Amino acid sequence: MKSTNLVEMAPIILAEIKKAKSVLLSCHPSPDPDCVGSALAMKFAIESLGIKATVIKGDSEIPQGFMHFPGAKDIVMKNFGEVDLKDYDLYIAADIAAVSQVSRVKPVVFPLPIKSIVIDHHPSNTGFADMNLIVPESPATAQVIYLLAKEWGMNISSEMAANIFVGIYTDTGGLKYSGTTIKTYEIMTDLVSKCPDFSLLIQKMENSESPDKLTLYGLALGSIEVFLNNSLAISTVSNADLVTKKIAETSVSTSIISSMMKVVDQWKIVASLIELEPNKIKCSFRTNDVENYPVGPISSFFGGGGHKAAAGAIINASLEEAKKLIVAKAKELYNL
Ligand SMILES: [Mn+2]
């Protein structure tokens, strides 16, 4: 079952949760505050019903800045392949756009031996679970969780409020990206009334970086090349650079780099490429013109997913080859 209708799906999802004794939730690789906050908010919601809920970190480490979210210290440091599904009767994937986002360490096959629910806002989500609520117009999965909790007549605790707040705040770029509506601001008003320390929460989340992250940004920004009459810009960081500059795995992020690059008006599409290992390129696409240059399609072509304004993929090729493939595809898709 797959639906974009929250009001229709809310009672179905609640009934499934109430049937469970123990619920499993996980974070996607390179977790962001929307997935961690959504999973933790959902955990608090489920626990308020007297049902056990466990959040696992998934493939990647949880960034230090997110450890201040209420409940984060209880995240179990396991990936999906490391849990025994026999211990659970329901799996909820929040903000997880594809099966590959459940885990890349060990292939996961759906349907699982236990019931599964997807709650998401990525338009690329195909609905891989037994029940799928996908609301593409929602600027954050955390906003979907908030509206579900309201539909369920739930009292939103300060812990839930803080986790939903960081999800919405981050996925809307601080309440500024398209998709942010009056409704989002109304929800945020309710959330800050329950979580008055929101400014401290943002500060702790944003100011917990290690110096190697800036080294990485420097390498990436210094590498930018432009193509197709200045309409496409690509930054690259090689695996050799990651090794020699001692950049930790947890510091490797392409999304922040591509977000920095999109500020140049004439660069309609920007891509940040990092060679995680030889022939495995992590790639993040951004655009500053979502109407004419949505990046979802180019990301999907490379087997990834995402939104109109922000998307990502893994390309199995050398850096040079990946760059050529992106230039060729962008030329074709956007008539550049
Ligand atoms: Mn999200």
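Predicted model only: the values in this text are computed from it and were never measured.
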*Asks:* With salt bridge (charged side-chain N to carboxylate O under 4.0 Å, His left out) as the rule and sequence neighbours excluded, what pairs involving residues 3-15 come up?
*Replies:*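 The answer is none; no pair qualifies.
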*Asks:* Tell me, please, which residues at least two apart from E206 pass salt bridge (Lys or Arg N to Asp or Glu O under 4.0 Å).
*Replies:*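 Not a single residue meets the salt bridge (Lys or Arg N to Asp or Glu O under 4.0 Å) criterion with E206.
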*Asks:* My understanding is that only residues two or more places apart in sequence, or in another chain, count here; which of them pass side chain to side chain contact (heavy atoms under 4.5 Å, CB included) with L6?
*Replies:*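 So L6 forms a side chain to side chain contact (heavy atoms under 4.5 Å, CB included) with L133, V144, L147, L148, E151.
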*Asks:* Test question: given the 4.5 Å side-chain rule for I, L, V, M, F, W and Y, name all other residues clustered with V7, or answer none.
*Replies:*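 So far as hydrophobic clustering goes, V7 is joined with none.
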*Asks:* Which other residues belong to the hydrophobic cluster containing V105, where Ile, Leu, Val, Met, Phe, Trp and Tyr are joined when side-chain heavy atoms lie under 4.5 Å apart, directly or via other members?
*Replies:* none
*Asks:* Who passes salt bridge (Lys or Arg N to Asp or Glu O under 4.0 Å) against D265, sequence neighbours left out?
*Replies:* K268
*Asks:* Kindly give the cluster partners of L24, where membership spreads through any ILVMFWY side chain lying under 4.5 Å from a current member.
*Replies:* I56, V76, F80, V83, L85, Y88, Y91, I96, V99, V102, V108, F110, L112, I114, V118, F128, I134
*Asks:* For residues 307-327, which side-chain donor-acceptor pairs fall under 3.5 Å, sequence neighbours excluded?
*Replies:*
unit_1	atom_1	unit_2	atom_2	d
H307	NE2	H122	NE2	3.3
S318	OG	E321	N	3.1
E320	OE2	K323	NZ	3.0
K323	NZ	E225	OE2	2.5

*Asks:* Check side chain to side chain contact (heavy atoms under 4.5 Å, CB included) between A161 and all other residues, then give those that pass, not counting sequence neighbours.
*Replies:* I156, L191, K194, C195
*Asks:* Does any pair with a residue in residues 194-236 pass ring pair (Phe, Tyr, Trp, His ring centres under 6.0 Å), and if so which ones, sequence neighbours excluded?
*Replies:*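 Non-adjacent pairs meeting ring pair (Phe, Tyr, Trp, His ring centres under 6.0 Å): F165-F198.
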*Asks:* Restricting to side chain to side chain contact (heavy atoms under 4.5 Å, CB included), what partner residues turn up for E47, sequence neighbours left out?
*Replies:* K43, F44, A53
*Asks:* Name all residues meeting the side chain to side chain contact (heavy atoms under 4.5 Å, CB included) criterion together with E186; count only those two or more places apart in sequence or in a different chain, and write none if there are none.
*Replies:*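 If we apply the side chain to side chain contact (heavy atoms under 4.5 Å, CB included) test to E186, skipping adjacent residues, the hits are I182.
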